[in-house]
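Take a look at the structure below.
The analysis underlying the following values was restricted to heavy atoms, covering all of them including side chains, and did not include hydrogens, waters or symmetry mates.
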Amino acid sequence: MVLLPPCTPDLCGRDFRSSLKKPSPNYPYGKKKVRIVPAFTIQAMQKNTKVLPPAKCGVLDPLPPRPTMFRRCYQRGEFPVSIEFTNSGKRLQWKVPIEKLDFHHYLPMFFDGLAEASYPFNFIVEKGINDLVTKGSYKILPVVPQLIIPIKNALATKRPSVLCHALKCIQMLVTGSDRVGEALVPYYRQILPTLNLFKDRNRNMGSGIDHTSTKGENVADLIEETLQILERYGGPDAFINIKYMIPTYESCVQN
């Protein structure tokens with residue numbers, strides 16, 4: 001048997017006290033876990049808690065794409081149009097004279113396709129509306145009430161490409177047909193709320209160049225341009241109705 005030398009009381013006390021200062025490896029000594037708690041509760045007043053921030057409303061988030069009635073009808077071959085490739089580019093070829101078409105049926109269907117953002121549907125919609133407005137402008141005024149819901153649905157998607165596409169077609173519709181601008185004034189409450197959200201959403205590029213402005217793809221610039229066209233062609237009541245829905249709009253006629 002080997003006898004160990006007896007430890008002095010001072011040495012044994014130091015060893016005992018030093019062992020008390022060492023934290024256990026299984027216990028997070030000195031660290032307290034922070035709990036995430038909902039706001040406006042009693043737990044939010046407790047210590048070592050973090051209040052959960054409010055969820056984002058997502059008012060500017062784009063809606064997921066959905067198939068439109070225009071796409072289904074085009075895939076079934078119900079439109080008398082086809083894409084023709086020429087030396088100067090692409091154009092629509094009509095199988096029936098545009099003057100003989102039923103505008104109450106075809107024009108709302110083309111405006112329903114404004115929610116489409118993929119080729120060839122967006123190309124057919126834009127060129128088709130252009131041809132219908134150019135060659136059948138005298139038939140458009142009675143169809144205006146049927147165009148409001150398709151325009152509203154296209155703007156409600158909040159996708160920048162769709163918004164630009166729809167705004168260009170609205171400008172085309174107002175400037176290419178007589179009295180259509182005045183006929184749209186009672187429907188500003190359905191059309192303008194989405195424009196109010198994106199009116200001042202210009203991108204801050206700093207010293208860079210925003211190439212979307214030169215291509216006509218800047219949503220805020222197109223909205224301002226569209227509002228000015230609506231005011232010019234909407235008659236004496238256009239400005240007050242636009243101002244009611246978009247308070248930040250300034251008149252381009254009165255100033």
Report the C-alpha separation of Lys50 and Val37 in whole Å, then their side-chain angles, then the decisive distance to 0.1 Å, and conclude whether the side-chain contact (heavy atoms from CB on, under 4.5 Å) test is met. CA-CA 6 Å; Lys50 181 179 179 181; Val37 297; over 6 Å; no
Please test Ile148 against Leu184 for side-chain contact (heavy atoms from CB on, under 4.5 Å), starting from the C-alpha separation and ending with a verdict. CA-CA 8 Å; Ile148 303 304; Leu184 287 176; 3.8 Å; yes
Could you give me the CA-CA distance, side-chain angles and deciding distance for Leu227 and Leu192, then say whether side-chain contact (heavy atoms from CB on, under 4.5 Å) is met? CA-CA 9 Å; Leu227 293 177; Leu192 299 186; 3.9 Å; yes
Output, in order, the C-alpha distance, side-chain angles, deciding distance and verdict of side-chain contact (heavy atoms from CB on, under 4.5 Å) for Arg71 and Glu116. CA-CA 8 Å; Arg71 173 179 292 200; Glu116 297 286 348; 2.7 Å; yes
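No donor-acceptor pair under 3.5 Å is formed between the side chain of Ser177 and the backbone N or O of Val174. Checking side-chain atoms of Asn153 against main-chain N and O of Ile149 turns up a donor-acceptor pair under 3.5 Å. Between the Arg159 side chain and the Ala115 main chain, a donor and an acceptor come within less than 3.5 Å of each other. Judged purely by atom type and a 3.5 angstrom limit, Lys127 has no side-chain atom pairing as donor or acceptor with the backbone of Asn122.
Scanning for ring pair (Phe, Tyr, Trp, His ring centres under 6.0 Å) contacts around Tyr233 gives an empty result, with sequence neighbours left out. With sequence neighbours excluded, no residue satisfies side-chain hydrogen bond (donor to acceptor under 3.5 Å, both in side chains) with Lys158. For Phe111, there are no ring pair (Phe, Tyr, Trp, His ring centres under 6.0 Å) partners, not counting sequence neighbours. For the side-chain hydrogen bond (donor to acceptor under 3.5 Å, both in side chains) test, no residue two or more places apart in sequence or in another chain qualifies with Ser82. The side-chain hydrogen bond (donor to acceptor under 3.5 Å, both in side chains) test applied to Gln75 returns no partner, not counting sequence neighbours.
Note on Ile36: it does not cluster hydrophobically with Met45, by side-chain heavy-atom contacts below 4.5 Å among ILVMFWY residues. No single ILVMFWY cluster, assembled from side-chain heavy atoms under 4.5 Å apart, contains both Tyr138 and Val96. Hydrophobic clustering of Ile, Leu, Val, Met, Phe, Trp and Tyr side chains at less than 4.5 Å, counting indirect connections, keeps Val51 apart from Val34.
Closest of all the heavy-atom pairs between Ile242 and Tyr249 is CG2-CD2, 3.6 Å. Closest non-hydrogen pair, Gly128 versus Leu92, comes out as N-CD1, 3.4 Å. Contact record, Val81 with Lys95: O-CE, 4.3 Å, taken as the closest heavy-atom pair. When all heavy atoms are compared, the tightest approach of Thr49 to Ala44 is OG1-O, 3.8 Å. Looking at every heavy atom in both residues, Ile140 comes nearest to Gly136 through CG1-O, 3.6 Å. Nearest heavy atoms, Gly113 versus Val125: O-CG2, 3.5 Å.
At least one side-chain heavy atom of Pro80 sits under 4.5 Å from a side-chain heavy atom of Leu101. A heavy-atom distance below 4.5 Å is not found between the side chains of Ser137 and Asp178. The shortest distance between side-chain heavy atoms of Phe103 and Pro142 does not fall below 4.5 Å. Using a 4.5 Å heavy-atom cutoff, the side chains of Leu222 and Gln171 are in contact. The side-chain heavy atoms of Leu230 and Tyr188, taken from C-beta on, include a pair separated by under 4.5 Å. In this structure, the side chains of Lys199 and Ile246 come closer than 4.5 Å at one or more pairs of heavy atoms. Between Val162 and Leu114, every side-chain heavy-atom pair lies at or beyond the 4.5 Å cut-off. Tyr187 has its side chain within reach of Pro145: a pair of non-hydrogen atoms, C-beta onward, lies under 4.5 Å apart.
The distance from atom CD of Glu231 to atom OG of Ser251, rounded to the nearest 0.5 Å, is 3.5 Å. The distance from the CD atom of Gln228 to the CD atom of Glu224 is 5.0 Å, given to the nearest 0.5 Å. With values rounded to the nearest 0.5 angstrom, Ile124 atom CD1 is found 10.0 Å from Lys90 atom NZ. A distance of 5.0 Å separates CG in Leu195 from CD1 in Ile223, rounded to the nearest 0.5 Å. Note that CG of Leu132 is 6.0 Å distant from CG of Leu107, once rounded to the nearest 0.5 Å. Atom CZ of Arg189 and atom CE of Met245 lie 6.5 Å apart (nearest 0.5 Å).
The number of heavy atoms from other shown groups lying within 6.0 Å of CD1 (Ile240) does not exceed 12. The 12-atom threshold is not exceeded at CZ of Phe40, counting heavy atoms of other residues, nucleotides or ligands nearer than 6.0 Å. Heavy-atom contacts from other residues, nucleotides or ligands closer than 6.0 Å to OH of Tyr244 number 12 or fewer. Heavy atoms from other residues, nucleotides or ligands lying under 6.0 Å from NZ of Lys152 number 12 at most. A 6.0 Å sphere centred on CZ of Arg66 holds no more than 12 heavy atoms belonging to other residues, nucleotides or ligands.
The ring pair (Phe, Tyr, Trp, His ring centres under 6.0 Å) pairs that include a residue from residues 43-72 are Phe70-Phe79, Phe70-Phe110, where partners are two or more places apart or lie in different chains.
Checked by atom type, the side-chain pair Asn130/Thr134 shows a donor-acceptor distance below 3.5 Å. Defined by atom type and a distance below 3.5 Å, a donor-acceptor pair is missing between the side-chain atoms of Arg35 and Gln43.
Met109 pairs in a side chain to side chain contact (heavy atoms under 4.5 Å, CB included) with only one of the listed residues (Met69, Glu78, Gln146), which is Met69.
Between Lys243 and Glu250, at least one side-chain N (NZ, or NE/NH1/NH2) sits under 4.0 Å from a carboxylate O, which counts as a salt bridge.
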